[in-house]
Amino acid sequence: MKIKFYTALFCLLLVSLLLGACAAPSAPNSTNNNMNSSDDTPSEPGQAAEEPVTLDFWIYSDYATGPALEMQNTFISEFEAANPNIKINLISKPGTDIGAGLIAGAVSGEMPDVFVHGLGDTPTYSTLNILENLTPMFEAMPESYKNQFIPEVLEKAKSDGNLYGLPYTGYSTMLYRNLKVLKDAGIDPDAGITDWEDWMNQMQKVNANGAASIPVLTINWWPVEGIYAGQKDSMTGFDEQGNSNLDVDKLADTISFILEAQELGTQVGIFDQGAVDLFISNQLAFFPGGPWSDVTFRAAVDESGLEYDKILIPGVSAEEHGGVKGYEYIGITTGPNVDAAWKWATYLTDVEQQVRWSSTLGRYVPNQEALDSPTVKENALVQLTADSAQNAVFDYPPYFKPMPPDWMAQVNDILGGAASGIYTPQEAAQKIVDDLTTMYNNK
Amino acid sequence: MQKTRKRLSHYWPNYVMLLPFFTVFAIFFIYPIISGFSMSIQHWRPNASFDFVGAANYIKVLQSPRFIKAMTNLAIYVFTTVPIGIMVAFGLAILVNSFQGKWSQFFRSAYFIPSMIPIFLAATVWRWMLAPDYGTINLLLGLVGIPSIDWLRNPQFMISALVMVDVWRSVGFNMIILLAGLKNIPEMYYDAAKVDGANTLQQIFHITIPQVEPILFLVTVNGFISAMQIFDAPWIMSDSNYSMGYGGFLQGMLFPVMEMMGRAFGSSNFSEASALGFILLVIILIITLILFALRARYTQEM
């Protein structure tokens, strides 16, 4: 009995050790492993790999469904026809799965060659050291290619002067208005919203008429940023000394405004499905959201007769407007297929493809040349997004620099504390600025 | 040696038949444990060499405010949901056991259905039901004059909301198990008790509970272990995600497994995440051993 037990135990341990020896991840074969490397020799642009290559391309699932998928397949067909030795394997995933998959892939050594990622995810990837330094290849590209991107967006994809992504798509928030709710409250939608004071007056009228003005915004930093941006020279992020760019007084004014507005609103949070349902069912007047919400509301026009429009988020004065913006990039992982991946990435982000992507799907792109093209200018949603992005603040800086895992939760807690009376708006604003600065410098 | 060789030659078919199980067990159980422990004692980075740090990750986790908050929430949650869940399941089992024929089958199935619903679906539905102003629960509370409660953002009520979901979902499964135990109690015990003048409550306490004690213990241990690993429901109900924060307002729905996942996939800190996992493992083991010890003592006294 004892012998059987020890034999079985021995077999178990032996198998485990063998697996442990066999399962060590293979190190990526790349000359650009170090994110801070600055002495890389530039590779020849557009030099296709000699051997046949299949590139695994991870993309957000909403970029690969319906008309977006058709467009992606068109691009793939055209690219593969021009580059017969390169095949593109398109794999769509929800955003969080791309992040989790990259992390798991970094552990196991099974990563995609090319992927779409948001700026806010870059601290994770920089920690894992999985992003290829694109600077040498980018510098070798023609000036016409390099100059097509919006400069500040390109700069955000850099860390220590090295480029780690090509700008691909983006968003900037806007204010959706339920026109029926406004009209029922005696508000003329055509008059627009001049400033915060005018907006508050309209919210009071809506509330007096029995509807809700706005969902709860203080559940998260993101919508608060969008309102904060409606003040002159508002910025997020950190300066070179490591101090938060947020202005305490402006932030306090923002929080005060939002809390006053929320008294006239619903207790449903902005990210709850209930907020969308309230808007569609003519019980909510204002919904600050991204361009992606337009799809839902457009469908509701046919299904339930929703009357709505979208405008820039009002600012503290008529000259200002708010909004929060973010961008998605195409990143290339360190590995043996960097050259082929670079060809695909530059093809996707080039102006011709960006014009087609933007004008056909109504999606904003951080490519100024594409935005200036007549076909893209015709799309009202893209134009509004571009206008919003002019003054909007970046969503989740710092990019590339790792912050504590709970930094967003801490800011959200302070906002919640202001909403529940634990902090005054001034105290909350000061605490947010102090805590962000501390977290940025301590991590 | 000869005896061993003889035994091996006689039993080798048995060992060969056991090999698939041991292989799978080694791959999916032993290897992850060894790998996780290895990560927990080093400063892990992809493609980097082993950087031994001893117990540093464990100390860092144990000292972190978020871990302390998560464990506090867990203690409140576990010692609320397990007793309530078992009491409700036991009460329903007794009730269903008293029914006959079709009614017994109907209620058995009706109470069991929630446990068949995937937890992500159950949590999503409950999120809607618990929504302020327009959620079903708040509408019902409004009918009796109670103002709307922000169940998912008021720290005073967040764990209560979770307990509601867990009890609703787990009570059916536990009821079925307890019902099976109740069916095995000889009727003559109750007959004898009735003759002695025992009322229903006395029968429950002096006959039913002692007779189903082994099953009650099984359900209790299972409930504790399951409750200590809670993740899905609070993650969905607090609208958590790795990039925008998790755990809800003032970390009211932060639990150890969520914190472990957040450290791993939110900040790529697999070392601390692994350490947290092992700390939780030890805690679960300790609690399980305490429960077994208490039961052994109770059985001895009887």
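Chain letters run A, B, ... following the sequence lines, proteins first, then strands; residues in each count from 1. Reckoned from all heavy atoms, side chains included, excluding hydrogens, waters and symmetry mates.
Side-chain contact between B:Asn138 and A:Gln267: absent, with no pair of heavy atoms (C-beta onward) separated by less than 4.5 Å. The shortest side-chain heavy-atom distance between B:Trp128 and A:Asp272 does not fall under the 4.5 Å cut-off.
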Run the numbers on B:Phe249 and A:Asn412 for side chain to side chain contact (heavy atoms under 4.5 Å, CB included), then give the verdict. CA-CA 7 Å; B:Phe249 179 50; A:Asn412 295 342; over 6 Å; no
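With a threshold of 4.5 angstrom between heavy atoms, A:Asn220 approaches chain B through side-chain atoms but not through N, CA, C or O. Neither the backbone nor the side chain of B:Phe29 comes within contact range of chain A, judged by heavy atoms closer than 4.5 Å. Contact annotation for A:Gln273: only side-chain heavy atoms (C-beta onward) come within less than 4.5 Å of a heavy atom of chain B. For a residue to count as touching a neighbouring chain, one of its non-hydrogen atoms must lie under 4.5 Å from one of that chain's; by this rule B:Tyr134 touches chain A with the side chain only. Looking at B:Gln251, the atoms closer than 4.5 Å to chain A (heavy atoms on both sides) sit in the backbone and in the side chain alike. Neither the backbone nor the side chain of A:Leu102 comes within contact range of chain B; no heavy atoms are under 4.5 Å apart.
Of the listed residues A:Asp277, A:Leu415, A:Val268, the one with more heavy-atom pairs under 4.5 angstrom with chain B than any other is A:Val268. Interface check for chain A: of the options B:Arg66, B:Arg263, B:Arg127, the most heavy-atom pairs under 4.5 Å are formed by B:Arg66. Comparing B:Gly245, B:Pro132, B:Gly247 by heavy-atom pairs within less than 4.5 Å of chain A, the highest count is held by B:Pro132. Listed options A:Gly269, A:Ala419, A:Ala212, A:Gly99 were ranked by heavy-atom pairs under 4.5 angstrom with chain B; first place goes to A:Gly269.
Contact record, A:Asp413 with B:Leu250: OD1-N, 2.6 Å, taken as the closest heavy-atom pair.
Within 6.0 Å of CH2 in B:Trp12 there are 12 or fewer heavy atoms belonging to other residues, nucleotides or ligands.
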